[in-house]
Amino acid sequence: MRQSQMLLPTLREVPADAEIKSHQLLVRAGFIRQTASGVYSFLPLGKRVLKKVEEIVRQEMDKIGANEMLMPAMQPAELWKETGRWDNFGPELMRFNDRHDREFALGATHEEVITSLVKDEVKSYKKLPLTLYQIQTKYRDEKRPRFGLLRGREFVMKDAYSFHDSFESLDESYKKMYQAYSNIFRRCGLNFRAVIADSGSMGGKDTHEFMVLSEVGEDTIAYSDTSEYAANIEMAPAVDTYEKSEESARELEEVETPDKKTMQEVADYLRHPLEKGLKTLMFKIDGKLVLVVCRGDHEINDIKLKNLYDADVVELATEQETRATIGAGFGSLGPVGVTEDIEVVADNAVKYAVNVSCGANKDGVHLVNVNPDRDFKVKTYADLRFIQEGDVSPDGEGIIKFARGIEVGHVFKLGSFYAEKLGASFLNDQGKAQTMVMGCYGIGVSRTLAAVVEQYHDENGISWPSNLAPYQVHLLALNMKKEEQKSLAESIYDRLLKAGIEVLFDDRKERAGVKFSDSDLIGIPVRITVGKQAGEGIVEVKQRANGEQQELHEDDLLQKINNMI
Ligand code: ATP
Ligand code: MG
């Protein structure tokens with residue numbers, strides 16, 4: 001492609017609204033333009049990269065026998081009402097009425113549409129398992145659209161749905177999909193981890209998120225420094241490898257701790273490390289008040305609490321509620337001496353506590369030399385805390401570290417929720433009707449593109465991994481007015497095209513400096529510069545990623561370029 005004929009508007013200035021590198025660079029290098037908040041146009045270069053991501057996704061989907069199709073963005077409200085999501089999805093679902101005042105939504109996801117379609121078309125176990133996918137534009141009225149393509153209100157997603165006659169069959173497809181996702185993100189050149197995720201309100205089924213490691217990620221993941229283990233921090237279990245100190249139990253005492261509110265203030269005042277204090281919180285678990293105790297240096301994870309009680313709603317009690325039941329405010333709560341009707345549960349680490357401190361359930365007073373079981377009863381010890389950096393990895397190998405991640409993909413065992421709601425059943429080999437079992441699998445295609453830029457850039461611009469680069473070669477003619485430069489560049493352009501190499505030819509009448517800086521900004525992996533030595537047939541070849549450059553004669557060029565790309 002000739003750059004002189006292309007819409008490729010580069011900018012020197014960093015756009016004021018762009019906080020992160022991928023957003024800044026994709027705008028500056030002329031890949032995208034914002035049309036409305038969270039709504040983008042892909043300019044020609046952006047569209048080329050998008051297509052490359054899509055092609056990798058297609059190839060890996062096809063390999064596992066998934067069929068590509070295309071569903072509508074415009075979805076009738078009735079379908080969403082059948083699953084209850086018309087009410088439950090919230091304001092993220094964009095809704096509108098047609099001219100006959102019928103209600104519609106713009107597809108935020110397609111479980112409803114696909115399940116109702118498969119319900120009508122698939123009636124027999126002989127057709128199962130079946131996996132369908134599409135690459136399509138999704139609409140979500142995100143509360144905070146930001147970071148360019150990372151969180152848009154209109155974005156490109158690959159969504160796949162699998163249908164099964166049994167959970168075993170779902171397990172098999174899930175494994176294949178997991179492998180396909182790993183292949184996709186590896187081929188995109190990404191440094192990523194598949195992490196164990198929270199299955200949320202659908203309850204208890206397998207789900208993994210594919211996270212690209214990046215400082216700008218919105219999620220925190222816990223991973224082992226030596227093994228493959230990685231999980232969303234909410235999900236990672238803390239292993240019970242605590243040890244009890246040898247010291248013998250001392251006598252319980254009350255100590256005045258005036259105005260000492262936080263765990264740290266109390267620990268400093270009592271001159272002991274943070275972990276020698278117990279932290280006590282009062283939670284309301286499906287309306288019931290429960291005292292939850294953990295070590296002072298730990299944090300309670302309410303998802304674990306929710307799982308322990310198999311509860312729907314877990315929330316902190318208000319200060320008034322604690323005062324009404326226990327007689328003290330937040331800073332002075334403790335498990336000692338509470339009445340029988342208040343349940344006390346504790347994190348596993350509390351079991352090992354010896355001579356620790358805790359609130360006395362009187363404002364401004366603490367107890368010291370507290371020992372569990374002797375001084376208070378715990379109904380259940382369980383893993384209730386967040387994992388921390390430095391903890392033993394749950395798989396027993398290595399130590400936990402934290403990293404930030406961008407979620408680019410999500411694989412999820414749905415079970416029969418949608419199939420039941422929409423009546424998707426089939427006749428099994430006994431001729432009996434049975435509800436289908438489903439899986440769903442998403443990839444943020446446009447988000448992936450931005451995640452790649454987060455990992456592939458330097459101070460001069462983007463540096464695309466070769467699989468995703470908009471072109472493989474950037475050919476620069478420094479001075480198109482010089483006949484020998486022009487004719488050599490034109491002939492190299494021809495030869496590259498004939499060899500099937502994707503080449504962007506900067507044939508513009510611009511200064512050399514502009515061409516070089518635009519080229520660095522755009523980030524095509526190999527650059528050929530036709531300059532002063534054109535008369536001798538000599539050009540310069542430079543690799544964007546490592547800056548390596550060499551002079552080559554035009555006769556050796558094609559072979560060298562082929563080796564590079
Ligand atoms: P997030 O937690 O980031 O909002 P999600 O859990 O809502 O993501 P899914 O419903 O699982 O996402 O959608 C599948 C994939 O679509 C996600 O893994 C992500 O890569 C992508 N995605 C989701 N929301 C957006 C968005 N607003 N902009 C761009 N990509 C998105
Ligand atoms: Mg979301």
Side-chain angles (χ1 to χ4, degrees), residues 20 22-23 26 32 34-40 42 46 50 53-54 56-57 61 73 83 85 88-94 105-114 133-161 174 177-178 180-182 184-185 188 190 192-202 205-214 216-221 232-235 404-414 417-418 438-454:
I20 61 164
S22 59
H23 188 188
L26 286 168
I32 58 169
Q34 183 177 295
T35 302
S37 167
V39 179
Y40 288 87
F42 287 83
L50 197 64
V53 180
E54 289 176 6
I56 291 174
V57 170
M61 287 298 105
T83 62
R85 290 211 290 184
N88 296 339
F89 207 91
E92 277 186 27
L93 189 66
M94 290 190 175
L106 288 176
T109 175
H110 280 69
E111 282 83 6
E112 279 79 4
V113 173
I114 192 89
Y133 79 95
Q134 64 174 346
I135 297 175
Q136 190 250 17
T137 304
K138 295 280 182 285
Y139 299 85
R140 292 185 186 178
D141 200 357
E142 297 278 358
K143 195 169 181 188
R144 280 190 73 197
R146 59 179 191 152
F147 293 169
L149 299 182
L150 282 187
R151 186 167 296 284
R153 296 196 296 164
E154 171 173 324
F155 57 96
V156 182
M157 196 201 285
K158 185 284 303 185
D159 45 330
Y161 307 87
Y174 186 86
M177 198 58 85
Y178 182 101
Y181 273 39
S182 303
I184 289 165
F185 297 122
C188 288
L190 286 165
F192 69 96
R193 290 269 186 149
V195 311
I196 303 160
D198 179 20
S199 56
S201 55
M202 307 282 196
K205 315 226 169 54
D206 277 344
T207 167
H208 287 85
E209 288 164 352
F210 287 77
M211 293 281 186
V212 170
L213 303 184
S214 163
V216 305
E218 292 178 319
D219 298 273
T220 304
I221 62 181
N232 209 309
I233 49 163
E234 280 93 41
M235 294 306 294
R404 307 288 286 173
I406 301 169
E407 182 196 321
V408 286
H410 193 176
V411 292
F412 200 107
K413 290 184 185 171
L414 280 176
F417 178 85
Y418 294 98
M438 291 172 59
C440 73
Y441 320 89
I443 289 182
V445 176
S446 43
R447 184 183 282 186
T448 297
L449 191 159
V452 168
V453 178
E454 284 300 326

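Just so you know, ligand 1 is whichever comes first in the structure, and atom 1 is the first atom listed for that ligand. Along the sequence shown, residues are numbered consecutively beginning with 1.
One side chain, Lys158 or Tyr181, offers a donor N or O that lies under 3.5 Å from an acceptor on the other. No side-chain donor-acceptor contact under 3.5 Å links Ser214 and Arg404. No side-chain N or O of Asp159 forms a donor-acceptor pair with one of Gln136 less than 3.5 Å apart. Between the side chains of Thr83 and Glu112, a donor-acceptor pair is found at a separation under 3.5 Å.
For atom 13 (O) of ligand 1, the nearest non-hydrogen atom of the protein is Met157 CE, 3.5 Å. Of the protein's non-hydrogen atoms, the one nearest atom 1 (P) of ligand 1 is Arg151 NH2, 3.5 Å. Protein heavy atom nearest atom 18 (O) of ligand 1, with residue, atom name and distance: Glu407 OE2, 2.6 Å. Among protein heavy atoms, atom 11 (O) of ligand 1 sits closest to His410 ND1, 3.0 Å. Of the protein's non-hydrogen atoms, the one nearest atom 15 (C) of ligand 1 is Gly444 N, 3.8 Å. Ranking the protein heavy atoms by distance from atom 22 (N) of ligand 1 puts Phe155 CE1, 3.5 Å first.
Within the 4.0 Å heavy-atom criterion, the part of Leu150 lying near ligand 1 is the backbone and not the side chain. When non-hydrogen atoms are compared, ligand 1 lies under 4.0 Å from the side chain of Arg140 (C-beta onward) but not from its backbone.
For Phe210 and Tyr178, the gap between ring centers is short of 6.0 Å.
When only interatomic distances are considered, the shortest N/O to N/O separation between Gly152 and ligand 1 falls below 3.5 Å. Checked by distance only, ligand 1 and Val408 come closer than 3.5 Å through their nitrogen or oxygen atoms. Taking only nitrogen or oxygen atoms, main chain and side chain alike, Ser446 does not reach within less than 3.5 Å of ligand 1.
For ligand 1, the atoms closer than 4.0 angstrom to any heavy atom of Leu149 are 29 (C). Below 4.0 Å from some heavy atom of Glu142 lie the following atoms of ligand 1, by number and element: 24 (N), 26 (C), 27 (N).
Residue Tyr139 is tested with Thr109, Leu106, Val39 for a side-chain contact (heavy atoms from CB on, under 4.5 Å); the sole match is Leu106.
Comment: Glu92 does not engage Lys143 in a salt bridge, judged by the lack of any side-chain N to carboxylate O separation of less than 4.0 angstrom.
Residue contacts with ligand 1: Asp159 is excluded, as none of its non-hydrogen atoms falls under 4.0 Å.
A cation-pi contact, defined as under 6.0 Å to the ring centre and within 45° of the axis, is absent between Lys138 and Phe155.
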